[in-house]
Amino acid sequence: MRIDSVRLGHYAVPLANPVSDAKVATGRQRPLSQIDVLTCEITTDDGLGGLGFSYTTRAGCRAQFAHAREVAGNLLGEDPSDIGRIYDRLLWAGASVGRSGVATQALAAVDVALWDLKAKRAGLPLAKLLGAYRDSVRVYNTSGGYLQAPLEEVKEKAGQSLGSGIGGIKVKVGQPDTREDLRRLAAVREHIGDGVPLMVDANQQWDRVTALRFGRAVEELGLVWIEEPLDAYDAEGHAQLAAALDTPIATGEMLSGVPDLVRLIDLRAVGYLQPDVPRVGGITPYLKVAALADHAGLQVAPHFVMEIHVHLAAAYPRDSWVEHIEWLSPLFRERLDIEGGRMVVPDRPGLGLSLAEEARAWRLDDFHTSKGR
């Protein structure tokens with residue numbers, strides 16, 4: 001079996017309502033109104049296909065598309081099962097632009113497509129191909145807890161999420177006035193009760209002193225974790241917080257290079273590592289990071305893209321959390337099931353995803369190459 005064709009797509013998936021986190025509250029970014037997605041569809045000479053994708057939440061997807069287009073020809077004629085060898089070949093094809101950031105995020109869409117194809121060839125869900133430990137994973141909701149929403153709306157959406165079977169709630173913090181964060185957080189905790197898992201996310205907006213004071217102030221709330229309290233690249237600062245607080249620290253989602261995530265592990269800077277498959281460069285590098293995290297005794301809570309991460313969380317030895325954000329759902333025909341606080345691993349081969357017909361309306365660019373051209 002050989003790769004016969006590769007199709008790339010750039011889609012702009014609109015959000016029903018723009019959202020704002022602490023980066024908007026502090027003036028660093030504008031509200032988020034769409035998710036840009038790079039798709040990769042790989043077809044073999046015997047007609048089997050694999051689907052993968054990467055994404056950006058603001059600028060960058062055009063760059064991902066351009067890089068993927070430049071290296072796509074290296075896939076033609078390759079055995080798609082040789083994922084490691086193909087990944088190295090694509091890295092060397094773009095070696096002059098490095099092994100992190102846009103360069104590897106573009107490769108993520110290709111890598112995910114190859115893993116999807118391999119699982120389909122085996123007739124297994126990706127989680128089963130990797131070696132699943134469980135058939136469902138703990139799930140928490142983020143999309144109802146953004147800062148643009150009034151407190152009453154946050155509370156209402158938290159109740160709706162729990163009523164739909166979701167097991168935990170995450171709310172955004174990191175506003176210029178930390179007292180307002182504490183007020184909103186205490187009200188949400190009172191609303192959902194002490195027994196419901198509750199997380200917070202500051203989106204990198206605190207300095208070390210503010211983060212420490214906040215962490216001490218919320219110890220009594222029994223949070224599952226405090227997410228991104230500091231700049232994503234401040235591994236030493238996260239390590240200091242982790243040592244000083246009882247509440248676990250979670251971070252890693254913004255890191256696009258494996259060495260940066262390994263540094264968090266080596267410094268014991270997190271209780272929950274949050275790698276992101278599209279950002280770190282695909283499933284192949286993600287698995288390397290996950291193996292090191294497990295060796296270090298860490299929990300893993302992969303960021304966003306629940307459509308991919310439900311499989312990887314199910315294949316991690318420790319019972320993980322997956323983030324429920326429905327923003328990419330309109331792009332696909334299929335939906336994920338949630339029961340009793342857990343997301344069920346699809347039983348369809350591969351990722352169990354196919355692009356919806358409605359997605360055509362959001363396609364900004366398209367590229368196709370094949371052995372016959």
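- Side chains of E323 and T142: a donor-acceptor N/O pair is present below 3.5 angstrom, by distance only.
- Expressed to the nearest 0.5 Å, how far CZ of R268 lies from CD1 of I249 amounts to 15.5 Å.
- Ring-centre distance between W206 and F214: below the 6.0 Å cut-off.
- Under the 4.5 Å side-chain heavy-atom criterion for ILVMFWY residues, a single connected hydrophobic cluster contains both L151 and L182.
- Taking the ring centroids of Y140 and W225, they lie under the 6.0 Å cut-off.
- To the nearest 0.5 Å, atoms CD (E156) and NE2 (H191) are separated by 8.5 Å.
- Shown here for S54 and A109, the closest heavy-atom pair between the two residues is N-CB, 3.8 Å.
- Within a 6.0 Å sphere centred on CZ of R179, other residues, nucleotides and ligands contribute 12 heavy atoms or fewer.
- When atom types are taken as modelled, the side chain of K371 and the backbone of G77 share no donor-acceptor pair closer than 3.5 angstrom.
- Looking only at side-chain heavy atoms (C-beta outward), S320 and V137 stay at 4.5 Å or farther from each other.
- Atom OG of S81 is separated from atom CD1 of I86 by 8.5 Å, given to the nearest 0.5 angstrom.
- Nearest heavy-atom pair across Y87 and P285 is OH-CG, 3.6 Å.
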Applying side chain to side chain contact (heavy atoms under 4.5 Å, CB included) to R62 and L364, what does each step give before you reach the verdict? CA-CA 9 Å; R62 291 186 186 278; L364 302 180; 4.0 Å; yes

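- Judged by distance alone, with hydrogens and angles left aside, the side-chain atoms of R58 form a donor-acceptor pair with the main-chain N or O of R30 at under 3.5 Å.
- Contact record, Q148 with S20: OE1-N, 2.8 Å, taken as the closest heavy-atom pair.
- Of the options V173, T247, L221, a side chain to side chain contact (heavy atoms under 4.5 Å, CB included) to V200 is made by V173 and by none of the others.
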Side chain to side chain contact (heavy atoms under 4.5 Å, CB included) between V196 and L162: does it pass, once the steps are laid out? CA-CA 9 Å; V196 175; L162 296 172; 3.8 Å; yes

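- No side-chain heavy atom of L255 sits under 4.5 Å from any side-chain heavy atom of R263.
- For R342 and D337, the salt-bridge test fails: no basic side-chain N is under 4.0 Å from an acidic carboxylate O.
- In this structure, the side chains of H309 and V277 come closer than 4.5 Å at one or more pairs of heavy atoms.
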Run the side chain to side chain contact (heavy atoms under 4.5 Å, CB included) check on I283 and L126 step by step: do they pass? CA-CA 11 Å; I283 292 171; L126 178 61; 3.7 Å; yes

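- Every residue two or more places apart in sequence or in another chain that forms a side-chain hydrogen bond (donor to acceptor under 3.5 Å, both in side chains) with T44 is listed here: D46.
- The two residues L51 and L353 make their nearest non-hydrogen contact at CD2-O, 3.9 Å.
- Taking F304 as the reference, Y55, W327 meet the ring pair (Phe, Tyr, Trp, His ring centres under 6.0 Å) condition, with sequence neighbours excluded.
- At distances below 3.5 Å, at least one donor-acceptor pair connects side-chain atoms of N74 with backbone N or O atoms of V71.
- Atom CG of D347 is surrounded by 12 or fewer heavy atoms from other residues, nucleotides or ligands within 6.0 Å.
- In terms of modelled atom types and a separation under 3.5 Å, the side chain of R7 and the main chain of T39 share no donor-acceptor contact.
- Between H311 and A127, the closest heavy-atom pair is ND1-N, 3.1 Å.
- Of the inter-residue distances, the one linking Y272 atom OH with E227 atom CD reads 12.0 Å to the nearest 0.5 angstrom.
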Does K128 form a salt bridge (charged side-chain N to carboxylate O under 4.0 Å, His left out) with D135? I'd like the steps, not just the answer. CA-CA 9 Å; K128 297 288 187 182; D135 295 323; 3.1 Å; yes

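- The 12-atom threshold is exceeded at CG of D207, counting heavy atoms of other residues, nucleotides or ligands nearer than 6.0 Å.
- Connection of F332 to V310 is not established within any shared hydrophobic cluster, with ILVMFWY side chains joined at heavy-atom distances below 4.5 Å, either directly or through further cluster members.
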V6 and C40: side chain to side chain contact (heavy atoms under 4.5 Å, CB included), yes or no, with the steps? CA-CA 7 Å; V6 180; C40 178; 4.0 Å; yes

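- Put simply, the side chain of R85 reaches to within 4.5 Å of the side chain of E78, judged on heavy atoms.
- A donor-acceptor pair under 3.5 Å is absent between the side-chain atoms of D276 and the main chain of E253, judged by distance alone.
- Within the 3.5 Å criterion, the main-chain N or O of K172 finds no donor-acceptor partner in the side chain of D201.
- Atom CZ of residue R121 and atom CG of residue L48 lie 8.0 Å apart, to the nearest 0.5 angstrom.
- Closest non-hydrogen pair, A244 versus L212, comes out as CB-CD1, 3.8 Å.
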Set out, in order, the CA-CA distance, both residues' side-chain angles and the distance that settles salt bridge (charged side-chain N to carboxylate O under 4.0 Å, His left out) for R216 and E219, then state yes or no. CA-CA 5 Å; R216 287 172 174 165; E219 291 282 13; over 6 Å; no

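- In the hydrophobic clustering of this structure, Y146 groups with V305; members are Ile, Leu, Val, Met, Phe, Trp, Tyr whose side-chain heavy atoms approach within less than 4.5 Å, directly or through other members.
- Side-chain atoms of S354 never come within 3.5 Å of backbone atoms of R333 as a donor-acceptor pair (strictly under, hydrogens ignored).
- Panel note: side chain D181, backbone Q175; a donor-acceptor pair is recorded below 3.5 Å.
- Open room surrounds CZ on R360; 12 or fewer heavy atoms of other groups in view lie less than 6.0 Å from it.
- Under a 3.5 Å cut-off, the side chain of E152 and the backbone N or O of P150 do not form any donor-acceptor pair.
- Looking only at distances, no side-chain donor or acceptor of R279 sits under 3.5 Å from a matching main-chain atom of G101.
- R213 CZ: 12 or fewer foreign heavy atoms inside a 6.0 Å radius.
- Residues R184 and V171 have side chains not in contact (no heavy-atom distance under 4.5 Å, counting atoms from C-beta outward).
- The cluster map of Ile, Leu, Val, Met, Phe, Trp and Tyr, joined by side-chain heavy atoms under 4.5 Å apart, puts V345 and Y133 in different clusters.
- Counting heavy atoms from C-beta on, the side chains of V24 and L32 never come closer than 4.5 Å.
- A 4.5 Å side-chain heavy-atom check between V300 and R318 finds every atom pair outside the cut-off.
- Using a cutoff of 4.0 Å between basic side-chain nitrogens and carboxylate oxygens, R69 and D365 are not scored as salt-bridged.
- Put simply, the side chain of T284 reaches to within 4.5 Å of the side chain of W115, judged on heavy atoms.
- Separation of atoms CH2 (W362) and CG (L355) is listed at 10.5 Å; rounding is to 0.5 Å.
- Both I226 and L241 are part of a single hydrophobic cluster, where members link through side-chain heavy atoms under 4.5 Å apart.
- Using modelled atom types and a 3.5 Å distance limit, the side chains of Q34 and D36 yield a donor-acceptor pair.
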